**Q** 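Quick one: this structure, given as structure tokens, is what I'll be asking you about.
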Amino acid sequence: FIISEKEGTGHQKFAVVLRRRLFKRYKTVPLLYLPCDIELVKYSQKRETIPGYKEEILMEAILKAAGLKKYYGKGEALVKALDGMDLEIERGKFTAIIGTSGSGKSTLLNMLGGLDTPSEGSIQIGNTELAKLNSEQATIFRRNHIGFIFQNYNLVPVLSVWENIVFPISLDGRRPDETFIMEIVRLLGLEKKLDSLPNNLSGGQQQRVAIARALINQPEVLLADEPTANLDPDAAWDMMNLINDVNHQGITVIVSSHSVELVNIMRKRVLTLVEGMLVSDEKNAGYSSKALDIFEERRVRQLRERKSEKL
């Protein structure tokens, strides 16, 4: 199929739902974006050349960050968690953010998701600039447009799997769409665990519940902070495949990870952070050795600067 949508027509929501329906039936659906109103055209599974089609030009940026900085402390205690970053994420794409511990991955995700505010710079999701929202507006915006998957799951221990999944909807006083929820449940293989409490689930199953909860409001963007950190290698690989399946349904996915192996296998866009700076942006690639070289150069330079200060 070709699914095409024109910005400003009001059809984006319909297109997202349609992608999910197609994926549910066919499991894998080639998606192309054309600059015209929504239309469906039967199309073979093998992508063909379409006159006038240029994917790199037509992809719309759903998330933009400009001059992003986050500083903690002052003077000698100053920590530059993010030190000036410009970033664009294309709608419907899968992006991995990698780097060593303390490189700024979690800080960046918190900034992009509106969980924290930058010291300087701006963040725009769709047509909304986060800095212009007050606290209540920001909370509602996050709940309706952004899904979060946390490293430590953050499930409510006294609630069942079903209750944890629908919890974000209950905050708005809305009735859950049980048909849509069961689609998510079946996709994540949780049908037999809906009455279980979190402490009766494995780590992988708890993370699946966290994914379901993140998807319940049909977000435009899914942010996952080290979602495989507490899982064994097999469960970690299964989890990345599930997140990839979510991305195939048209949801923009941004994942932070320190796992070189998983990132190399996924072959997605990879952003490499070193000490709060974006040092590498690779398309369909793996962990960048260039980033490691830059990190070593910065470390040596800092050591020299400290020695000179002492002298």
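Only a predicted model underlies this, so the values are computations on that prediction, with no experimental measurement involved.
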**Q** Do the side chain of S256 and the main chain of E226 share a donor and acceptor less than 3.5 angstrom apart?
**A**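 Looks like yes, one N/O pair under 3.5 Å.
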**Q** D232: what forms a salt bridge (charged side-chain N to carboxylate O under 4.0 Å, His left out) with it, not counting sequence neighbours?
**A**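 Testing D232 for salt bridge (charged side-chain N to carboxylate O under 4.0 Å, His left out), a comparison that skips the adjacent residues, returns none.
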**Q** Taking side chain to side chain contact (heavy atoms under 4.5 Å, CB included) as the test, write out the residues that go with P227, two or more places apart.
**A**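 Partners of P227 by the side chain to side chain contact (heavy atoms under 4.5 Å, CB included) criterion, ordered by chain and then number, come out as I149, Q207, A224, I243, V255.
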**Q** Which pairs with one or both residues in residues 70-119 pass ring pair (Phe, Tyr, Trp, His ring centres under 6.0 Å), sequence neighbours excluded?
**A**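 Passing the test, one end in residues 70-119: no pairs.
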**Q** So, taking the atom named CE in M85 and the one named CG in L112, what distance separates them when rounded to the nearest 0.5 Å?
**A**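 So the gap between those two atoms works out to 8.5 Å.
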**Q** Could you note down all residue pairs passing salt bridge (Lys or Arg N to Asp or Glu O under 4.0 Å) where residues 213-223 supplies at least one of them, sequence neighbours left out?
**A**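 Residue pairs with at least one partner in residues 213-223: R91-E220.
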**Q** Verify side-chain contact (heavy atoms from CB on, under 4.5 Å) between L273 and V279, making sure each step is shown before the conclusion.
**A** CA-CA 6 Å; L273 302 189; V279 299; over 6 Å; no
**Q** Going by heavy atoms in the side chains, are R143 and N217 under 4.5 Å from each other?
**A**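 They are in contact (side-chain heavy atoms under 4.5 Å apart), so the answer is yes.
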**Q** Kindly give the heavy-atom pair with the smallest separation between G113 and L223, and that separation in Å.
**A**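 G113 and L223 have their closest heavy atoms at CA-CD1, 3.5 Å.
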**Q** Considering non-hydrogen atoms only, spot the tightest contact between L82 and L108 and give its length.
**A**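 The pair with the smallest heavy-atom distance is CD1-CA, 3.9 Å.
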**Q** My understanding is that only residues two or more places apart in sequence, or in another chain, count here; which of them pass side-chain hydrogen bond (donor to acceptor under 3.5 Å, both in side chains) with N152?
**A**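 N152 satisfies side-chain hydrogen bond (donor to acceptor under 3.5 Å, both in side chains) with N230 only.
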**Q** Go through the steps for S122 and E129 under the test side-chain contact (heavy atoms from CB on, under 4.5 Å), then give the verdict.
**A** CA-CA 7 Å; S122 64; E129 190 169 334; 3.8 Å; yes
**Q** Using the rule that Ile, Leu, Val, Met, Phe, Trp and Tyr join whenever any side-chain heavy atoms are under 4.5 Å apart, tell me whether F148 and I140 fall into a single cluster.
**A**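 No, because F148 and I140 fall into different hydrophobic clusters, even though each may have its own neighbours under 4.5 Å.
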**Q** Test of understanding: clusters of I, L, V, M, F, W, Y form through side-chain heavy atoms closer than 4.5 Å, transitively. Do V209 and F180 belong to the same one?
**A**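 Yes, V209 and F180 fall within the same hydrophobic cluster.
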**Q** Do L155 and Q206 make a side-chain contact, defined as non-hydrogen atoms from C-beta onward lying under 4.5 Å apart?
**A**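 Counting from C-beta outward, L155 and Q206 do come under 4.5 Å.
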**Q** As an exercise, state the distance from CD1 of I98 to OG1 of T272, rounded to the nearest 0.5 Å.
**A**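 Spacing of CD1 (I98) from OG1 (T272) equals 3.5 Å.
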**Q** Cut-off 3.5 Å, no hydrogens considered: what does the side-chain donor-acceptor table look like for residues 161-170, sequence neighbours left out?
**A**
residue, atom, partner, partner atom, Å
E163, OE1, S160, N, 2.8
E163, OE1, S160, OG, 3.3
N164, OD1, V156, N, 2.7
N164, ND2, V156, O, 3.1
N164, ND2, L159, O, 3.0
N164, ND2, S160, O, 3.1
S170, OG, F167, O, 2.5

**Q** Carefully, step by step, assess T228 and M240 under the rule side-chain contact (heavy atoms from CB on, under 4.5 Å).
**A** CA-CA 8 Å; T228 63; M240 290 301 287; 3.9 Å; yes
**Q** Could you list the donor-acceptor pairs under 3.5 angstrom formed by side chains in residues 187-203, with sequence neighbours left out?
**A**
residue, atom, partner, partner atom, Å
S202, OG, Q205, N, 3.2
S202, OG, Q205, OE1, 3.4

**Q** Can you list every side-chain hydrogen bond (donor to acceptor under 3.5 Å, both in side chains) pair that touches residues 105-115, not counting sequence neighbours?
**A**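 Matches after skipping sequence neighbours: S106-D225.
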**Q** Kindly compute the distance separating CD1 (I184) from CG (L215), expressed to the nearest 0.5 Å.
**A**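 With rounding to 0.5 Å, CD1 (I184) is 5.0 Å from CG (L215).
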**Q** Is there a path of hydrophobic side-chain contacts, each under 4.5 Å between heavy atoms of I/L/V/M/F/W/Y residues, joining L171 to I146?
**A**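 Not linked; separate clusters.
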**Q** Under the ring pair (Phe, Tyr, Trp, His ring centres under 6.0 Å) definition, can you give me all pairs with a residue in residues 106-142, not counting sequence neighbours?
**A**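 Output for this query lists F141-H145.
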**Q** Which residues pass the side-chain hydrogen bond (donor to acceptor under 3.5 Å, both in side chains) test with D177, sequence neighbours left out?
**A**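 side-chain hydrogen bond (donor to acceptor under 3.5 Å, both in side chains) check on D177 returns nothing, list empty.
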**Q** I need the Q218 CD to Q249 CD distance, nearest 0.5 Å.
**A**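 One finds 10.0 Å between CD of Q218 and CD of Q249.
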**Q** Taking side-chain hydrogen bond (donor to acceptor under 3.5 Å, both in side chains) as the test, write out the residues that go with T139, two or more places apart.
**A**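 Per chain and number, T139 pairs via side-chain hydrogen bond (donor to acceptor under 3.5 Å, both in side chains) with R142.
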**Q** Look up atom CD1 in I216 and atom CD1 in I211, then write down how far apart they are to the nearest 0.5 Å.
**A**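 Output value for this atom pair is 13.5 Å.
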**Q** Quick one, M239 with L231, criterion side-chain contact (heavy atoms from CB on, under 4.5 Å). Give me CA distance, side-chain angles, the key distance, then yes/no.
**A** CA-CA 9 Å; M239 187 56 52; L231 305 179; 3.9 Å; yes
**Q** Identify the heavy atoms of A214 and L222 that sit nearest to each other, and give their distance.
**A**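 Nearest heavy atoms, A214 then L222: CB-CD1, 3.6 Å.
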**Q** Judged by atom type as modelled, is there a donor-acceptor pair below 3.5 Å linking the side chain of D83 to the main-chain atoms of M277?
**A**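 The answer is no, because no donor-acceptor pair under 3.5 Å joins these two groups.
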**Q** Is a side-chain donor or acceptor of E60 paired with a backbone partner of I62 at a separation under 3.5 angstrom?
**A**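 A pair under 3.5 Å: no.
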**Q** If a pair satisfies salt bridge (Lys or Arg N to Asp or Glu O under 4.0 Å) and one of its residues is in residues 64-77, list it, with sequence neighbours excluded.
**A**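 Salt bridge (Lys or Arg N to Asp or Glu O under 4.0 Å) check on residues 64-77 returns K69-E120, K70-D116.
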**Q** Would you say T252 and I89 make side-chain contact, with heavy atoms under 4.5 Å?
**A**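 Yes, side chains in contact.
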**Q** Within this structure, what is the CD1-CG distance for the pair I251 and D245, rounded to the nearest 0.5 Å?
**A**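 Reported to 0.5 Å precision, the distance equals 11.5 Å.
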